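Okay, structure first, notes after.
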Amino acid sequence: MAKSIVSLPILCLLLLLSFNSGGLLKLANGQDKTWCVAKPSSNDSALASNINFACSQLGTLGLSCNMIQQAGICYYPNTLINHASVVMNYYYQALGRQVWNCDFGGSALITISDPSYGICQYGWEI
Ligand SMILES: *[C@@H]1O[C@H](CO)[C@@H](O)[C@H](O)[C@H]1NC(C)=O
């Protein structure tokens with residue numbers, strides 16, 4: 001008797017969890033992993049100013065953009081869009097992954113797939 005009363009909510013919870021592994025519920029709660037990258041359509045001047053903005057703000061937090069400098073692990077490919085995405089994400093992570101920290105005048109987007117490549121790891125827990 002008591003067993004059937006308890007088991008229905010538990011069953012619902014298990015269903016909810018299984019449908020939401022890596023899904024929208026966790027994202028809405030801010031618990032899932034998200035990254036911030038530059039929109040592919042962004043022009044070079046927007047990308048360059050995003051790099052300047054993100055790196056100067058990170059600098060005030062004592063954080064460095066040296067990963068996109070010549071000896072850095074994310075220097076290659078040496079393109080504005082790569083460098084911008086790396087530091088825009090760093091800024092977004094460092095400020096706690098709030099949606100308004102991934103705006104950059106409409107030239108950024110949040111992604112749920114890890115943009116890391118090769119040795120260039122996009123940190124998400126900073
Ligand atoms: C680049 O994009 C920004 C933001 O979308 C826009 O304000 C600016 O006019 C664009 N610049 C050029 C040169 O197209």
Side-chain angles (χ1 to χ4, degrees):
M1 180 67 178
K3 192 179 177 187
S4 65
I5 293 169
V6 171
S7 63
L8 184 61
I10 291 175
L11 182 64
C12 291
L13 183 63
L14 289 174
L15 281 171
L16 192 66
L17 289 174
S18 66
F19 281 125
N20 277 289
S21 55
L24 292 174
L25 185 65
K26 281 198 280 177
L27 186 61
N29 291 338
Q31 290 170 0
D32 220 339
K33 296 182 183 181
T34 56
W35 293 265
C36 179
V37 294
K39 274 186 188 164
S41 59
S42 303
N43 65 44
D44 285 357
S45 68
L47 294 173
S49 73
N50 290 350
I51 292 172
N52 288 337
F53 174 80
C55 291
S56 69
Q57 295 297 306
L58 287 163
T60 67
L61 301 173
L63 300 172
S64 161
C65 283
N66 59 12
M67 76 285 271
I68 60 164
Q69 282 148 18
Q70 195 147 10
I73 59 169
C74 299
Y75 178 72
Y76 295 107
N78 180 15
T79 59
L80 275 175
I81 190 140
N82 176 53
H83 290 178
S85 289
V86 167
V87 299
M88 288 161 68
N89 176 66
Y90 193 20
Y91 173 82
Y92 170 72
Q93 304 301 332
L95 272 70
R97 288 179 292 281
Q98 308 297 332
V99 288
W100 54 88
N101 297 137
C102 185
D103 182 58
F104 294 90
S107 64
L109 51 87
I110 292 172
T111 176
I112 57 168
S113 56
D114 187 349
S116 299
Y117 60 90
I119 60 167
C120 178
Q121 294 300 308
Y122 276 60
W124 95 279
E125 286 281 16
I126 292 171

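The structure presented is a predicted model; accordingly, all values stated were derived computationally and were not measured. Every number for a ligand or one of its atoms is a count from 1 in the order of the listing. Worth knowing before you read on, the calculation uses all heavy atoms, side chains too, and leaves out hydrogens, waters and symmetry mates.
For atom 14 (O) of ligand 1, a protein heavy-atom neighbour is found at a distance under 4.0 Å. Taking a distance limit of 4.0 Å, we find that atom 11 (N) of ligand 1 is approached by some protein heavy atom. Atom 2 (O) of ligand 1 is flagged as protein-proximal [any protein heavy atom, distance under 4.0 Å].
Using a non-hydrogen distance threshold of 4.0 Å, Ser45 registers as a contact of ligand 1.
Donor-acceptor pairing under 3.5 Å is recorded for the side chains of Tyr75 and Asn78.
Tracing side-chain contacts under 4.5 Å through hydrophobic residues (I, L, V, M, F, W, Y), one never reaches Tyr76 starting from Ile119; they form parts of separate clusters. A chain of hydrophobic side-chain contacts below 4.5 Å, direct or via other Ile, Leu, Val, Met, Phe, Trp or Tyr residues, connects Ile73 to Val37.
The closest protein non-hydrogen atom to atom 9 (O) of ligand 1 is Asn43 ND2, 4.8 Å. Scanning the protein for heavy atoms near atom 4 (C) of ligand 1, the closest one is Ala46 CB, 4.5 Å.
Taken from OG in Ser49 to CG in Leu80, the straight-line distance is 10.5 Å, to the nearest 0.5 Å. To the nearest 0.5 Å, atom CD of residue Gln93 and atom CG of residue Asn101 are 10.0 Å apart.
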